[in-house]
2 protein chains.
Amino acid sequence: MPARKIDEDILMDKLTEVFRLHGYEGASLSLIAEATGLKRASLYHRFPGGKEEMAESVLQRADEWFVSHILAPLTGKGIPSARIKEMARRLNNFYGGGNSSCLLDSLSLGHDGDAIRQHIERSLTAWIGALVLVARDSGLSPAIAKQRAEEALIGIQGALVLARGTGNTKPFARVLQNLPQLLTVEAKKTKPKSKRSKS
Amino acid sequence: MPARKIDEDILMDKLTEVFRLHGYEGASLSLIAEATGLKRASLYHRFPGGKEEMAESVLQRADEWFVSHILAPLTGKGIPSARIKEMARRLNNFYGGGNSSCLLDSLSLGHDGDAIRQHIERSLTAWIGALVLVARDSGLSPAIAKQRAEEALIGIQGALVLARGTGNTKPFARVLQNLPQLLTVEAKKTKPKSKRSKS
DNA sequence: GTCTATAGCTTGATAGAC
DNA sequence: GTCTATCAAGCTATAGAC
């Protein structure tokens with residue numbers, strides 16, 4: 001059974017990579033079969049629901065892995081900035097220093113698939129939620145913590161988009177480096193432009 | 001000829017929307033034909049190079065439109081913060097308040113197409129370049145201006161990703177509102193973490 | 001659990017009438 | 001300049017041998 005588990009891990013890794021690189025529509029069964037070394041029929045034996053089930057399985061697994069391996073430090077002990085720094089280190093590794101697209105982004109285009117879209121929304125919301133917790137832990141108010149968490153996720157996703165489009169990964173590194181400050185330090189006073197509300 | 005021009009503008013608008021919503025692989029000729037009201041053969045009469053030429057034409061047109069209608073205020077006169085505010089206003093309109101994906105992002109997945117990828121890279125670089133100019137105009141140093149310009153683009157793209165994934169467009173509005181400060185105000189002193197280099 | 005073979009549909013693209 | 005009709009190739013998915 002251990003061998004079987006390893007095989008499945010490798011399979012899922014390959015599967016994930018295809019979806020991440022090509023998106024849902026671009027991830028044809030031919031590409032998937034080639035990448036995994038399994039023939040079409042074998043893929044349908046493991047995923048009776050076809051391509052849609054493959055994508056959902058990939059999302060589900062990535063979700064669990066992300067929470068337990070990337071976000072885990074956030075809920076540990078130690079000062080918040082150190083926990084965030086550790087998450088940033090893992091994020092950098094997870095996204096290949098900025099060279100890998102985010103699966104949630106790649107799968108969020110077209111193809112109507114309702115389940116996938118809902119899954120993506122839940123994952124992003126959970127991610128923000130974890131960031132809010134550590135930001136609150138560092139003493140930020142609920143409203144500010146929410147804004148900063150969203151800002152952090154925006155920075156990560158935006159930097160990945162920029163890196164994919166231009167090949168420049170330095171902004172991604174900079175975003176990661178600024179995460180501890182972003183999620184812990186109270187904002188310096190800036191002229192309050194009158195109106196300002198919650199997110 | 002004016003009627004012809006209007007027809008072509010409408011056609012290109014529809015075409016752009018299909019690529020923006022579905023990406024390159026997801027934008028099938030069936031979808032395109034349905035959206036534009038033209039049959040496949042008619043599309044090939046206008047775009048002998050097929051789908052690839054359609055995508056490139058869409059990119060080319062969006063590029064020109066973006067420079068002349070969105071980035072134009074940046075190179076005008078008036079104080080930089082006012083120019084940036086005007087650009088932000090137009091950006092908000094262009095991206096439907098955050099509800100519309102960025103074409104450059106949608107077309108940057110999979111499908112090997114070399115010309116398209118190069119076009120996207122040029123467009124993003126030009127966009128950053130325009131932001132650098134106005135940031136420098138406001139007195140920021142070259143190095144800081146470059147970082148801020150990248151940060152601005154990251155914020156916009158990241159907020160669009162977040163909005164597409166979660167449906168929440170408020171972070172996008174916040175990003176736009178913060179653009180004037182981001183691209184004009186010198187950073188408040190933050191503990192210099194030792195190493196720090198150019199982007 | 002993986003394979004070969006194949007079904008049935010959709011894809012991108014072309015030929016030729018009007 | 002748009003259409004109908006058609007093509008070969010690709011697609012997702014299934015049947016059934018091993």
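These numbers come from the heavy atoms of this one structure, side chains and all, not from hydrogens, waters or symmetry mates.
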*Asks:* Send over the distance from B:Glu25 CD to D:dC11 P, rounded to a whole Å.
*Replies:*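 Atom-to-atom, B:Glu25 to D:dC11, this comes out as 10 Å.
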*Asks:* For a quick test of your reading: what N or O donor-acceptor pairs under 3.5 Å do the side chains of residues 129-142 of chain A make, sequence neighbours left out?
*Replies:*
residue	atom	partner	partner atom	Å
A:Asp137	OD2	A:Arg83	NH1	3.3
A:Asp137	OD2	A:Arg83	NH2	2.8
A:Ser138	OG	A:Ala135	O	2.8
A:Ser138	OG	A:Leu183	O	3.2
A:Ser141	OG	A:Ile144	N	3.2

*Asks:* Give one of base, sugar-phosphate or nothing for A:Ala33, where a contact means two heavy atoms less than 4.0 Å apart.
*Replies:*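 No contact at all - A:Ala33 keeps every heavy atom at 4.0 Å or more from the nucleic acid.
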*Asks:* Enumerate, atom names and distances included, each donor-acceptor pair closer than 3.5 Å involving a side-chain atom of residues 90-99 of chain B, sequence neighbours excluded.
*Replies:*
residue	atom	partner	partner atom	Å
B:Arg90	NE	B:Glu86	OE2	2.7
B:Arg90	NH1	B:His69	O	2.9
B:Arg90	NH2	B:Glu86	OE2	3.3
B:Asn99	ND2	B:Gly96	O	3.1

*Asks:* Got a salt bridge between B:Arg20 and B:Asp105, using NZ or NE/NH1/NH2 to carboxylate O under 4.0 Å?
*Replies:*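 No, this pair does not count.
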*Asks:* Given atom NE2 of B:His22 and atom P of C:dG12, what is their separation to the nearest angstrom?
*Replies:*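 Rounded to the whole Å, the gap is 12 Å.
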*Asks:* Can a side chain N or O of A:Ser30 be found less than 4.0 Å away from OP1 or OP2 on D:dG10?
*Replies:*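 For A:Ser30, the contact criterion (side-chain N or O under 4.0 Å from OP1 or OP2 of D:dG10) is not met.
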*Asks:* Take nucleotides 13-18 of chain D nucleotide by nucleotide from the 5' end and write B, S or -, depending on whether a protein heavy atom sits under 4.0 Å from the base, only from the sugar-phosphate, or from neither.
*Replies:* BBB---
*Asks:* Does a side-chain N-to-carboxylate-O contact under 4.0 Å join A:Asp9 and A:Lys14?
*Replies:*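 No, this pair does not count.
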*Asks:* Could you give me the CA-CA distance, side-chain angles and deciding distance for A:Leu176 and A:Leu179, then say whether side-chain contact (heavy atoms from CB on, under 4.5 Å) is met?
*Replies:* CA-CA 5 Å; A:Leu176 292 187; A:Leu179 281 183; 3.9 Å; yes
*Asks:* Would one find a side-chain N or O of B:Ser42 under 4.0 angstrom from OP1 or OP2 of D:dG1?
*Replies:*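 No, because none of the side-chain N or O atoms of B:Ser42 sits under 4.0 Å from OP1 or OP2 of D:dG1.
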*Asks:* Taking only N and O in the side chain of A:Ser28, is any of them less than 4.0 Å away from OP1 or OP2 of D:dC11?
*Replies:*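 True: A:Ser28 side-chain N/O within range (under 4.0 Å) of D:dC11 OP1/OP2.
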*Asks:* Choose from D:dG1, D:dC3, C:dT4 the nucleotide whose nearest atom is closest to any side-chain atom of B:His45.
*Replies:*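 Out of D:dG1, D:dC3, C:dT4, the nucleotide with an atom closest to B:His45's side chain is D:dG1.
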*Asks:* Would you kindly give the CG-to-P distance between A:Leu11 and C:dG1, to the nearest whole Å?
*Replies:*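 Nearest whole value for this atom pair: 12 Å.
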